[in-house]
Undergrad: 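The structure that follows is given in the form of structure tokens.
All heavy atoms count here, side chains included; hydrogens, waters and symmetry mates do not. Note on naming: letters A, B, ... go to the chains in the order of the sequence lines (proteins, then strands), and numbering restarts at 1 for each one.
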Protein chains: 2
Amino acid sequence: MTDISKKKATIYDLSILSGASPSTVSAVLNGSWRKRRIKEATAQLIQKLANEHGYKANLQARGLRSSRSGLVGLLLPVHDNRYFSSMAQSFEAQVRSRGQCPLVVSACRDPEEERQVVETLISYSIDELFIAGATDPDGVHKVCEKAGLKHVNIDLPGTLAPSIISDNYEGARMLTQAIIERAQEDGPLSPDDLYLFGGRNDHASHERIRGFRDVKRALLGADPDICIQPTGYSPAMTARAFEAFYEGHGKLPRAFFVNSSINLEGLMRFLALHPHETFADIIVGCYDYDPFGSFLPFPVFMIRQDSEAMITRGFAILDADRGPAITHLVQPTLVPPRTALIGPLDALKDIE
Amino acid sequence: MTDISKKKATIYDLSILSGASPSTVSAVLNGSWRKRRIKEATAQLIQKLANEHGYKANLQARGLRSSRSGLVGLLLPVHDNRYFSSMAQSFEAQVRSRGQCPLVVSACRDPEEERQVVETLISYSIDELFIAGATDPDGVHKVCEKAGLKHVNIDLPGTLAPSIISDNYEGARMLTQAIIERAQEDGPLSPDDLYLFGGRNDHASHERIRGFRDVKRALLGADPDICIQPTGYSPAMTARAFEAFYEGHGKLPRAFFVNSSINLEGLMRFLALHPHETFADIIVGCYDYDPFGSFLPFPVFMIRQDSEAMITRGFAILDADRGPAITHLVQPTLVPPRTALIGPLDALKDIE
DNA sequence: CTTTTTTGCACAATCGATGGTGCAATAACT
DNA sequence: AGTTATTGCACCATCGATTGTGCAAAAAAG
């Protein structure tokens, strides 16, 4: 603080200033000094000097020596999405509170990129890795395994490492039931009136589709395959699917289940091209929560996945060290239309 | 790849395997081998061995020696917001395409936290830093300065380093004009019918408020102070401001300008407590773009800030090395209601 | 067949911290 | 006073790369 020197102070500088050896300085500054039986007075002197000179340990050097970096990684498919960005937010908070440094990266749902990004993180000797929504969790697992890196899967399960995911089946059941009941308030609902858009060949989509179909069959008696319209996690493809349906039927289905908020963005693209009065009576369910998505001009039921709880569980599992490769389910909650939930931002103090 | 050894290979391992010295191996693997006049055959042998053993440089060691890490930091106020998360998304892409590793962190709009987080990043020897939306850019600047870290401000300007920000004044003018014109379609608008909610004591808010007031005065002839309601960047506080207005007037203002999407979330919280029919005729302008925010059940004009361009400019400035501490303006665009823009996600390939 | 030049590489110091080991000086016991 | 225990710290190897320097061997020049 007081000091104006250009270069960053090292333990060697403090060693000279204090008259102690570098190893003593190191011990004092990394907290191991009691164990090393350093005199209290010596420690205080060194700490005083360190403060005066704004000493900060070089974490690359420390990491090199100790082969730990204090970095904890979170691998996301994308940032630009409320589900994942709020996961990033909770992740950061939890990592920081453990005295480590969060490293959030995205890999664009590309299996090869996922592995490469993780290789890079490993080159920085990260200590732990959360693999969220990976397209190929087991591929990433192998990379981690080889490097001895502790890791868990979040959101999409793997078979080789512990996984913490939403209870997609139950969530989809809740959501499907909610939109059916709501749609039936406007009159009887035929199986052809209820569609599902979005999702692809991943575990979450499968489970959600399974939940959707089970409830639909139970409540509406039938479940034609045509009502399932996978589009990938792409707004553009989803918009195309809505457009195609619209061209064929002159309207949208009375009610539909949208696999994620990313797919819901596809619906927005479709809506932008059509006057909204035309679709004033649709009922939508979206497997994801977005505060604005909840207030669209038609009823939108949403599912809020508890990413904060998943991260917490993830740390618990990593701390417990080498848990079995089982899948832990976290319950999501059904969010009725027009609901503004509080989120991680509310934890922030914000002065006016 | 082929290799099954437990530990990561180092240049020393490859040195033994190839019969070359560690320095030769190093030179081959970091690309400086031509400069060092290493025989082509030697280089190829070493590269082959490196591939076979899945060699990856230890970046902490490299960073320690060269005092560069290949890490580029982006300091955000928060993740959980479309503006900043899409900034993170473009940032990542650009950093990766430059062969570096992105490090995105948030500091919760807390000046002390901002400085500490940056100190931590510096301890990892990051090479460059983008300071986005910092509460105290100049405080952060000083920390960077002392460490000789190249940096630029994004979104909120500082006085000591180059800054790249939205043209908030022009953006606010466009937005204000758009909502006034739209509101006047429903009949004459009095100055008391047009409010501004959100924002606080930062440069962006000041400029937006200035733009708002200038246009309002020009078009509506007056601009009572009461119509400016700063709430900070907090959904909860913003909701309270709407609630207070509603209690006093039995309705919301006919038209209003919301300072950011975070404040717009405050409007959602208010709306959740009231039947939306009551507010079917409000006209809203929001300084930020959110794809779902654009489709609320009343007209929402939005401003899309070009975060991608800001990042690009930022790199240009950093590459030009030590630009003057001037402020560069990036033009935002006005987004009419019910518009679904494509975003960084559309760059992703997504197989069905 | 020398002398000079070029080629190809090895050596060793260094970045800044960590942690095992060993050795004085002091304190505690006979 | 002589012996043993304890305290307090210094020394040094080490983590894995980078890079300036130097020196043989090979090639080119004379």
Undergrad: Side-chain N or O of B/Arg62 versus OP1/OP2 of D/dT18: is the shortest distance under 4.0 Å?
TA: yes
Undergrad: Is any side-chain nitrogen or oxygen of A/Tyr55 closer than 4.0 Å to OP1 or OP2 of C/dA17?
TA: yes
Undergrad: Can B/Ile154 and B/Val152 be said to form a side chain to side chain contact (heavy atoms under 4.5 Å, CB included), step by step?
TA: CA-CA 6 Å; B/Ile154 306 280; B/Val152 291; 4.3 Å; yes
Undergrad: Is the shortest distance from a Lys or Arg side-chain nitrogen in B/Asp319 or B/Arg98 to a carboxylate oxygen in the other one below 4.0 Å?
TA: yes
Undergrad: If we count only N and O atoms by modelled type, under 3.5 Å, do the side chains of B/Ser86 and A/Asp80 hold a donor and an acceptor together?
TA: no
Undergrad: Are B/Lys8 and B/Asp13 ion-paired here, with the side-chain N under 4.0 Å from a carboxylate O?
TA: no
Undergrad: Aromatic rings B/His151 and B/His141: how do their planes relate, parallel, tilted or perpendicular, breaks at 30° and 60°?
TA: tilted
Undergrad: Could you check which of C/dT14, C/dT7, C/dA17 has an atom nearest any side-chain atom of B/Arg37?
TA: C/dT7
Undergrad: Determine, stepwise, if the pair A/Phe315 / A/Glu128 fulfils side chain to side chain contact (heavy atoms under 4.5 Å, CB included).
TA: CA-CA 9 Å; A/Phe315 275 115; A/Glu128 288 158 341; 4.1 Å; yes
Undergrad: Tell me, with the steps shown, if B/Glu114 and B/Arg109 meet salt bridge (Lys or Arg N to Asp or Glu O under 4.0 Å).
TA: CA-CA 7 Å; B/Glu114 285 167 1; B/Arg109 273 188 235 285; over 6 Å; no
Undergrad: Return the nearest nucleotide to the side chain of A/Asn58; candidates are D/dC9, D/dG16, C/dG16.
TA: C/dG16
Undergrad: Looking at DNA chain D, which of residues 17-36 of chain A put a heavy atom within less than 4.0 Å of it?
TA: A/Gly19, A/Ala20, A/Ser21, A/Ser23, A/Thr24, A/Arg36
Undergrad: At 10 degrees resolution, what angle do the end axes of the helix from C/dC1-D/dG30 to C/dT30-D/dA1 form when each is taken over five base pairs?
TA: 50°
Undergrad: Could you tell me whether a side-chain N or O of B/Ser123 sits under 3.5 Å from a main-chain N or O of B/Glu119, the two making a donor and an acceptor?
TA: yes
Undergrad: Check whether any side-chain nitrogen or oxygen of A/Tyr12 sits under 4.0 Å from OP1 or OP2 of C/dT14, and answer yes or no.
TA: no
Undergrad: Between B/Ser66 and B/Lys39, which is nearer to the 5' end of DNA chain C once each is assigned its nearest nucleotide?
TA: B/Lys39
